[in-house]
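Just so it is clear, the values below take in all heavy atoms, side chains as well, and ignore hydrogens, waters and symmetry mates. Each ligand, and each atom within it, is numbered from 1 in the order the structure gives.
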Amino acid sequence: MNSEQNSSLPGVTLPQCKPARLLVGQTALVTGASSGIGKSIAAAMAAAGAAVAVNYPFDSEHSPAAEVVELIQSLGGRAIAVKADVSREDQVQAMFLRVREEFETIDILVNNAGLQQDAPIDEMTLQQWKAVIDVNLTGQFLCAREAIREFKRRGVVESVSCAAGKILCISSVHEVIPWAGHVNYAASKGGVMMMMKSLAQELAPHRIRVNSICPGAIRTPINKAAWSTPEAYNDLMKLIPYKRIGEPDDIARVAVWLASDQADYINGESLFVDGGMCLYPGFAEGG
Ligand code: BGC
């Protein structure tokens, strides 16, 4: 690993790792991959040798996903963009058909698509509750189910991977940290945790691994208000013992490894990538 002073923040050094080719010969579908964490995961998986399907939401423009595809192709990788609202069964099924048409099969699903619609509970509408549960939880179920059908149909191909398939659920520190004003979001991520663990238990005999990555505060559009001004950034640091915000690549590197055979004996785990956010930072001086 080669480290250098590469952050805009004084005194903060971010790791610069050359991607190991851990996913050569595999195909990955990354949902919500036109921006943020999903975009970084798609690019990192391609750099690790996977052919990548870049999903983007039904109501958004094609162009951000097309840019991710172009980026991957310019680096010599294989990629396609696939439009689907992950909360819609028909669209998810059509997306998997399209991916199989293009890449024949699928080895890795990254259940990343997610959103926030925040409100104090007495102002939260049923629509806000449903929108978040539908995408963050039901969307992960629908995509996992289609991926599992394909993993079971194909089984293990030893020249490709020790496992018949891998699912990474992108959850959040809020699968364990309660979050006032974000009840729909926290409930969706708590649901993802038990969905992931129950799937892992059910599917282990089929050599299908299901795990979660739980990001803390990562610099993406979803939480711009928490990092885009110096005041907000300083406040955020009170919650992060490691004293820097996470970058999408912090998650992408872990995703490549967790999906690879290097992590073959890991199943049913929530892996927190949060700079210590879950360590009850308030207790460093209190209690
Ligand atoms: C949320 C972010 C938040 C982070 C830490 C994530 O799951 O999407 O908005 O900054 O958790 O609280």
Side-chain angles (χ1 to χ4, degrees), residues 7 9 12 14 30-42 55-57 60 86-87 110-121 124 128-140 168-196 211-255 258 269-284:
S7 153
L9 306 165
V12 172
L14 300 178
V30 185
T31 67
S34 52
S35 73
I37 290 173
K39 178 178 176 177
S40 281
I41 292 177
N55 160 255
Y56 64 102
S60 84
V86 295
S87 69
V110 184
N111 254 337
N112 168 75
L115 49 84
Q116 283 181 220
Q117 291 200 4
D118 312 325
I121 189 62
M124 186 175 286
Q128 286 173 318
W129 170 268
K130 279 190 172 158
V132 171
I133 298 291
D134 282 358
V135 171
N136 295 14
L137 183 56
T138 308
Q140 292 214 13
L168 302 186
C169 299
I170 305 303
S171 180
S172 165
V173 289
H174 297 297
E175 71 169 46
V176 292
I177 301 180
W179 205 12
H182 306 74
V183 167
N184 47 1
Y185 184 83
S188 74
K189 297 302 185 178
V192 165
M193 174 178 66
M194 285 312 289
M195 182 193 72
M196 177 278 288
N211 292 287
S212 286
I213 296 177
C214 301
I218 308 298
R219 192 197 307 270
T220 67
I222 207 173
N223 58 358
K224 196 163 183 214
W227 52 261
S228 52
T229 64
E231 299 73 37
Y233 192 87
N234 283 341
D235 271 356
L236 184 62
M237 288 309 108
K238 294 179 192 147
L239 299 174
I240 306 177
Y242 205 57
K243 300 300 173 212
R244 74 164 171 88
I245 195 170
E247 302 295 342
D249 274 354
D250 285 310
I251 305 301
R253 285 190 300 273
V254 174
L258 191 53
E269 283 300 324
S270 288
L271 183 47
F272 289 81
V273 185
D274 66 353
M277 197 174 232
C278 285
L279 297 173
Y280 298 96
F283 277 79

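Within ligand 1, counting atoms from 1 as listed, the ones closer than 4.0 Å to a heavy atom of S172 are 6 (C), 7 (O), 11 (O). Within ligand 1, counting atoms from 1 as listed, the ones closer than 4.0 Å to a heavy atom of N223 are 2 (C), 9 (O), 10 (O).
Between W179 and H174, the ring planes lie parallel to each other; the angle is under 30°, not in the 30° to 60° tilted range.
Considering backbone and side-chain atoms together, H174 places an N or O closer than 3.5 Å to an N or O of ligand 1. Between W179 and ligand 1, no pair of N/O atoms sits closer than 3.5 Å.
Contact annotation: for Q116 versus ligand 1, heavy atoms closer than 4.0 Å belong to the side chain alone.
Salt bridge status for R244 with D250: present, with a side-chain N to carboxylate O gap under 4.0 Å.
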For this session: Report the C-alpha distance between E175 and S270 in whole Å, list the side-chain angles of each, state the deciding distance to 0.1 Å, and finish with yes or no for side chain to side chain donor-acceptor pair (under 3.5 Å).
Result: CA-CA 9 Å; E175 71 169 46; S270 288; 2.6 Å; yes

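Here the shortest heavy-atom pairing between C169 and V192 reads CB-CG1, 3.9 Å.
Between G216 and ligand 1 there is a heavy-atom distance shorter than 4.0 Å.
At a threshold of 4.5 Å between non-hydrogen side-chain atoms, the residues P57 and S34 count as touching.
With respect to atom 6 (C) of ligand 1, the closest heavy atom belonging to the protein is Y185 OH, 3.5 Å.
Within a 6.0 Å radius of NZ in K39, other residues, nucleotides and ligands contribute 12 heavy atoms or fewer.
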